[in-house]
Amino acid sequence: MFETSTRATRTRSGLQQRWQRGQGFTVAFAALWLGVGFPSDGSATHEADHRFTVEGFVCGADGKGMVNTDVLVKDTKISYGQVVKTDGDGYYRATFHLHNENVGDPLLIEAKGEQQNHKVQFDPKDLESERKIQIHFGTGCVHDVNSPPTWLWWGLGGTAAVVAGAVGVKRIVKARRKQGQKRGKTQGKRKH
């Protein structure tokens, strides 16, 4: 009896350990998925009133986004710049730590051999709104960067199709069972 209770305790604690490891994995996976799937603007290291973002799309002659293309974004007054790469849609984003004194600083943005000159523009009194400018290269691939990614829509559509299919199959099976039950009852009545 003593051995059995000890063995049961060991098994239970082993199951608890596996369960806890499984929970840790699930939480880590969910956090990773949310971080990748829904990146937030708050992930930058600066407060909104010290953050200035330059973003846009780089497109080829065919109107499709150019993937993995270098984009130079530089505040030429303070001689600070960044080289960022475009993503799968041709989208790029560079974030700077700027102050109110930087309003009007000249910006140089260069991609695929083209240069554009702009100025840092924002309302110094507005400490809440995101300070940003959109600068695009090429035409045809610009879309709303705040909308959910395309893969999310495809995933939701696929999930809805699977759920609808499962509900449909369940209804068909239920209807056939009812027909089988009715046949059994009517056959039973005929024999008497």
Side-chain angles (χ1 to χ4, degrees), residues 24-163:
F25 176 75
T26 303
V27 170
F29 180 75
L32 177 65
W33 186 81
L34 288 171
V36 170
F38 304 101
S40 72
D41 288 339
S43 63
T45 57
H46 315 298
E47 295 294 324
D49 62 331
H50 291 278
R51 183 173 55 234
F52 185 77
T53 302
V54 180
E55 65 181 2
F57 289 90
V58 179
C59 307
D62 59 358
K64 292 183 180 177
M66 295 179 68
V67 179
N68 208 26
T69 302
D70 287 338
V71 180
L72 168 68
V73 183
K74 184 174 184 179
D75 181 333
T76 58
K77 182 176 179 184
I78 60 174
S79 297
Y80 176 78
Q82 295 179 37
V83 175
V84 294
K85 293 205 178 279
T86 58
D87 67 6
D89 295 324
Y91 173 74
Y92 73 92
R93 180 183 180 122
T95 303
F96 292 89
H97 181 100
L98 297 179
H99 298 274
N100 290 345
E101 304 85 54
N102 297 109
V103 169
D105 282 5
L107 282 175
L108 170 69
I109 303 90
E110 183 177 324
K112 64 178 191 166
E114 296 177 40
Q115 290 185 352
Q116 292 190 33
N117 293 298
H118 293 272
K119 292 191 182 276
V120 173
Q121 298 289 335
F122 58 83
D123 179 6
K125 295 176 185 172
D126 184 358
L127 304 179
E128 302 290 324
S129 299
E130 186 71 25
R131 297 174 172 185
K132 65 182 175 180
I133 185 172
Q134 291 188 348
I135 300 170
H136 309 292
F137 292 87
T139 57
C141 69
V142 177
H143 61 275
D144 185 10
V145 296
N146 295 323
S147 67
T150 306
W151 62 264
L152 181 64
W153 293 116
W154 281 102
L156 290 173
T159 302
V162 168
V163 168

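Keep in mind it's a predicted model, so treat the numbers as computed, not measured.
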Original post:
For Gly90, does its backbone N or O pair with a side-chain atom of Lys64 as donor and acceptor, under 3.5 Å?
Top reply: no

**OP:** Classify the ring geometry between Phe57 and His136 as parallel (under 30°), tilted (30 to 60°) or perpendicular (over 60°).
**Re:** parallel

Subject >> Approximate separation, where rounding is to 0.5 Å, of Phe52 CZ and Glu130 CD >> reply: 10.0 Å

Original post:
Who passes side chain to side chain contact (heavy atoms under 4.5 Å, CB included) against Glu101, sequence neighbours left out?
Top reply: His99

Original post:
Can you name the residues that form a side chain to side chain contact (heavy atoms under 4.5 Å, CB included) with Val67, not counting sequence neighbours?
Top reply: none

Original post:
Which heavy atom of Arg131 sits nearest a heavy atom of Asp123, and at what distance?
Top reply: NH2-O, 3.6 Å

Subject >> Any residue meeting salt bridge (Lys or Arg N to Asp or Glu O under 4.0 Å) with Asp105, in chain and number order, not counting sequence neighbours >> reply: Lys77

**OP:** Find the distance between CG (Asn117) and CG (Leu107) and round it off to the nearest 0.5 Å.
**Re:** 9.0 Å

**OP:** Any chance you could measure Tyr92, atom OH, to Leu72, atom CG, to the nearest 0.5 Å?
**Re:** 10.5 Å

**OP:** Output the distance between atom CZ (Arg93) and atom NZ (Lys132), rounded to the nearest 0.5 Å.
**Re:** 6.5 Å

Original post:
Heavy-atom distance under 4.5 Å between the side chains of Phe137 and Thr69, does that happen here?
Top reply: no

Subject >> Val84 side chain reached by Val54 side chain, heavy atoms, under 4.5 Å >> reply: no

Subject >> Sequence neighbours excluded, every pair satisfying disulfide (SG to SG under 2.5 Å) that has a member inside residues 93-122 >> reply: none

Original post:
Considering only heavy atoms from C-beta outward, does the side chain of His97 approach that of Tyr80 to under 4.5 Å?
Top reply: no

**OP:** Mind checking side chain to side chain contact (heavy atoms under 4.5 Å, CB included) for Thr139 and listing every partner two or more places apart, or none if nothing turns up?
**Re:** none

**OP:** State which residues pass side chain to side chain contact (heavy atoms under 4.5 Å, CB included) with Lys85; sequence neighbours excluded, sorted by chain then number.
**Re:** Asn68, Asp70

Subject >> Interatomic spacing from NE2 in His118 to CD1 in Ile133 - rounded to 0.5 Å >> reply: 5.5 Å

**OP:** State the NZ-CD distance between Lys74 and Gln82, to the nearest 0.5 angstrom.
**Re:** 12.5 Å

